[in-house]
Amino acid sequence: MKEILISLNQTQKVRLQAALQHLDELASQVSSANLAVTVADTIPVNNEDGILKGHGTTEFDGQVVATLCGIVERVNKLVYVRTLRARYKPEVGDIIVGRVIEIAPKRWRLEINFSQDAVLMLQSMNLPDGIQRRRTAVDELNMRSIFEENDVVCAEVRGFQHDGSLHLQARSQKYGKLERGQLLIIPAYLVKRRKQHFHHLEQYGVDLILGCNGFVWIGEHAEPIDSEVLEDRDKIPKDKHRDTPLEVRRNICRISNSVRLLSALGFALSVEAIVDTAEASKSSNVDIKDMLGAEFYVQTAEREVQRRASLLKKKRFV
Amino acid sequence: MVGLSAGEKQFMHGGIAQDLRSDGRQRLQFRPISIQTGVIPQANGSARVTLGATVVIASIKAELGKPAPLRPDKGKVVIFIDCSPTAGTMFEGRGGEELSSELSVGLQRCLLGGKSGAEAGAGIDLSSLVLAEGKICWDLYIDGLVISSDGNLLDALAAAIKVCRFIFLVRFEISSPWQVALSNTGIPKVSVIVEASAEDQLEVNVSDEEFLQFDTSGVPVIVTLTKVGRHYIADATSEEESQMSSAVSVSVNRHGRVCGLTKRGGAGLDPSVMLDMISVAKHASENLIAVLDSEIAAAEAAEDDGS
């Protein structure tokens, strides 16, 4: 997805700049450890001995200099630069959303914004009939009935193989094909690793999946299908061509515009922030399409300043 | 261009049927449009148009040339569109050529009319570009560059060209006193044009008076209606365009006259649907022209502040 570009008028520009400056000040109050650098910036190391220069750093004139744009991270003696706008770096256990690009023998290949394609093996996936058994050649021939090319799939990172390829698994009812909704692609650094990445927003009837790789799925709520219920499977194809109700669709659009807006502003995506933005737009009677307009853009930035300021106050009292 | 899964396609079709598209717009609503003028100082007129995530730049350069011997009473307009590889990996190498030529041809048809026609009703009046019949005329080189592509490139490019032309013509109005004063001042903004053919300088000065009467309201905007499923939508994103069956681009001028028409996509259209689309496009163009006018005013105000 392309990032939206918003044009502001003069007063809006001033307001946005003030809000962003505020955010900068607040961030520096919270922690001075995280230092943002651009290429050729010097990284202060206070003449410590035995500093290990990690990724994105080099030595120049006796100083440690950044060769990438990002945030300086320190682990004991190691200093490295964590880039922001780079591809996604998977970790074992991450929940990701991907798109099937190829069906190969016994495996699907998924595009997940990693430097290579992820692999989902047939054997690391629960079969639709829910029975644990060896995968046969017939199963292999019927792979396309599970996932087709271009399908959007939710899975978990299983690990790296010896050859460096990334393997996924989908051994639960909550993983699998995603339907009736839309996929948004945002920079991966905006999604923080949390305990919960699947969210059922009950007040909206919407499922929200924040994939760690920056793929965000927003769709109509679908109950996970238990294997017992699957006995009467002829029930499912019947409502396959049912359209999403208008009210739910409005909510989906509102939530996805919140995600688009927050990612355009570069704010981290948490379910609270997304719902907050959607609620604010609702309470101030902003039309769904006007959520991407300049006025609400600036308002969102200002609201974020207030939120962080009040968080900081609370912390101080504690 | 990634494909869409069956579930996403169904969702999109359902949304269009329910008059609520994936970004909350209705079927005939445009994304927010913004304009920056004078982005290329070397050109006579240039503009950057942002339409949602679609970004295009258009520039117009005017040169003095000779009219074609077969048409001594007409100037020349050359339209060339380029798709930058920064807009997407599919435009790398020769990948963008097909789309580039499709866009150029579409704009040519919508703005200039057919090869043989180009008489009354065409968007740009070629006879007004002639300075002395058979001897000297303006050659307009219109170049467009697609910087970021998220659908509806044709409308964005036409809007950019319309804005360019506007600025270009305003400059010419300013330019006539400049050229009179050419002998005792330095190098004015438009001196390049005059120096290019020094011996014709006298003619240029004379015919500049006529140039002031150029009718800017004739320059049309293009409204593309994309048919997805049973309905048609305005200002489609690239995801919506991937599902289109056919698209009709109608160029409409300020008076609500249709100046040109192109149809893309393989599927056929019922003539009654086509007529319906034209009248809808005409209606939509009124809003678009109003938005463009206010944006032009805002952009000019911003430029004045800057300088």
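Below, read A as the first sequence line, B as the second, and so on, with proteins coming before strands; counting in each chain starts at 1.
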Between [X] and [Y] (salt bridge meaning N to carboxylate O under 4.0 Å), is one present in this structure?
X: B/E239; Y: B/R21; answer: no
X: B/D150; Y: B/R31; answer: yes
X: A/D151; Y: A/K177; answer: yes
X: A/E149; Y: A/R144; answer: yes

With a 4.5 angstrom heavy-atom cut-off, could you sort out which part of [X] is near chain B: side chain, backbone, both or neither?
X: A/T244; value: both
X: A/I218; value: neither
X: A/R254; value: neither

Side chain / backbone / both / neither for B/Q29 at chain A, heavy atoms under 4.5 Å: side chain
